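Each remark here refers to the structure printed beneath this line.
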Amino acid sequence: CGCVTNCLRDHRTVGDGLSLTTFSHSCKCGDTTLDDSDITCSCDIKNTGNMAGDEVVMVYDALSQAVRSAVGKSHPVPIKRLVDFERATIAVGGSSTVQFTIPKQSLAITTADGSKKLYSGEHELVFSRGNGNDSSVKVTI
């Protein structure tokens, strides 16, 4: 490489979310019927590649069609929205577990008047690496 910047860009390590190694993950949540408690989840991440690397697991909230219908046309509803994320540095062949504690209120949606409202019904927590396969867990409020 003739220039450090071009070399880094050519090898996909600067700012585009790609990695020089590969990972797999498996995520699960505790109680999925929520009253007044937080949602506790964990993801087991394994470095399946040939280099040490960082993996970021993002947690999104996606609303069921039933909740979308309850909202109706009173205000826009995002397809999914980021509610938490964790980063782990993992050695070659190593693994790590990241924990998420998601307050139930973080699943509230901003309404047309700017207030927050937590809609009862089914929400889907989507655990994403940003590319590849996502996993999801349904929670009921």
Side-chain angles (χ1 to χ4, degrees), residues 1-72 74-141:
C1 299
C3 166
V4 172
T5 302
N6 286 338
C7 183
L8 290 175
R9 285 182 208 267
D10 291 344
H11 294 289
R12 303 280 190 196
T13 59
V14 177
D16 58 9
L18 299 178
S19 178
L20 296 176
T21 193
T22 56
F23 298 91
S24 66
H25 75 271
S26 171
C27 303
K28 61 185 178 221
C29 296
D31 189 3
T32 57
T33 301
L34 304 174
D35 293 319
D36 292 326
S37 59
D38 295 340
I39 304 164
T40 56
C41 304
S42 64
C43 289
D44 297 323
I45 307 167
K46 181 166 178 59
N47 184 336
T48 57
N50 297 320
M51 298 182 74
D54 284 7
E55 179 70 326
V56 176
V57 178
M58 297 166 282
V59 184
Y60 293 91
D61 175 28
L63 301 175
S64 67
Q65 189 57 46
V67 173
R68 291 178 176 284
S69 295
V71 172
S74 62
H75 59 82
V77 178
I79 294 171
K80 65 181 180 181
R81 58 199 175 81
L82 184 67
V83 294
D84 203 354
F85 67 93
E86 287 291 333
R87 174 185 221 105
T89 300
I90 306 172
V92 175
S95 60
S96 179
T97 300
V98 293
Q99 303 287 334
F100 298 97
T101 301
I102 302 167
K104 184 171 78 168
Q105 242 355 80
S106 68
L107 303 182
I109 299 170
T110 304
T111 64
D113 67 4
S115 63
K116 295 269 191 171
K117 181 172 180 178
L118 183 61
Y119 288 92
S120 296
E122 192 171 85
H123 293 244
E124 185 174 10
L125 296 180
V126 179
F127 298 88
S128 177
R129 301 174 48 239
N131 61 40
N133 295 329
D134 294 339
S135 59
S136 63
V137 175
K138 294 185 188 303
V139 296
T140 303
I141 297 176

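Position 1 is the first residue of the sequence, and the numbers go up from there. From a predicted model like this one, the values you see are computed outputs, not experimental measurements.
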Minimum heavy-atom separation for [X] and [Y], please, with both atom names.
X: Gln99; Y: Glu86; answer: O-CG, 3.8 Å
X: Phe100; Y: Val57; answer: CZ-O, 3.8 Å
X: Thr21; Y: Gly49; answer: OG1-CA, 3.1 Å
X: Ser106; Y: Val83; answer: O-CG1, 3.6 Å
X: Val59; Y: Ile102; answer: CG1-CD1, 3.8 Å
X: Ile45; Y: Ala88; answer: CD1-CB, 4.3 Å

In Å and rounded to the nearest 0.5 Å, what is the [atom1] to [atom2] distance from [X] to [Y]?
X: Ile79; Y: Leu63; atom1: CD1; atom2: CG; result: 11.0 Å
X: His123; Y: Asp61; atom1: NE2; atom2: CG; result: 5.5 Å
X: Lys138; Y: Cys29; atom1: NZ; atom2: SG; result: 12.5 Å
X: Leu125; Y: Lys80; atom1: CG; atom2: NZ; result: 12.0 Å
X: Leu20; Y: Asn50; atom1: CG; atom2: CG; result: 11.0 Å
X: Ser42; Y: Phe127; atom1: OG; atom2: CZ; result: 8.0 Å

*salt bridge (charged side-chain N to carboxylate O under 4.0 Å, His left out) with Asp84: which residues, sequence neighbours excluded?*
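Residues passing salt bridge (charged side-chain N to carboxylate O under 4.0 Å, His left out) with Asp84: none at all.
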*Indicate, with yes or no, whether the SG-to-SG separation of Cys41 and Cys27 is under 2.5 Å.*
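Answer is no: Cys27 does not pair with Cys41 in a disulfide.
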Side chains of [X] and [Y]: does their closest heavy-atom pair fall under 4.5 Å?
X: Ser64; Y: Glu124; answer: no
X: Leu118; Y: Gln105; answer: yes
X: Met58; Y: Asp134; answer: no
X: Ile109; Y: Lys117; answer: no
X: Tyr60; Y: Pro78; answer: no
X: Ile90; Y: Phe23; answer: yes

*Ignoring hydrogens and angles, tell me if any N or O in the side chain of Lys46 forms a donor-acceptor pair with the backbone of Gly93 under 3.5 Å.*
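Flag set: sc Lys46 to bb Gly93 pair under 3.5 Å.
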*Under 3.5 Å: donor-acceptor pair, side chain of Arg129, backbone of Ser24*: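 No, the answer is negative, given that no donor and acceptor are paired below the 3.5 Å cut-off.
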*Near Asp44 CG, under 6.0 Å, is it more than 12 heavy atoms from other residues, nucleotides or ligands?*
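More than 12 within 6.0 Å, yes.
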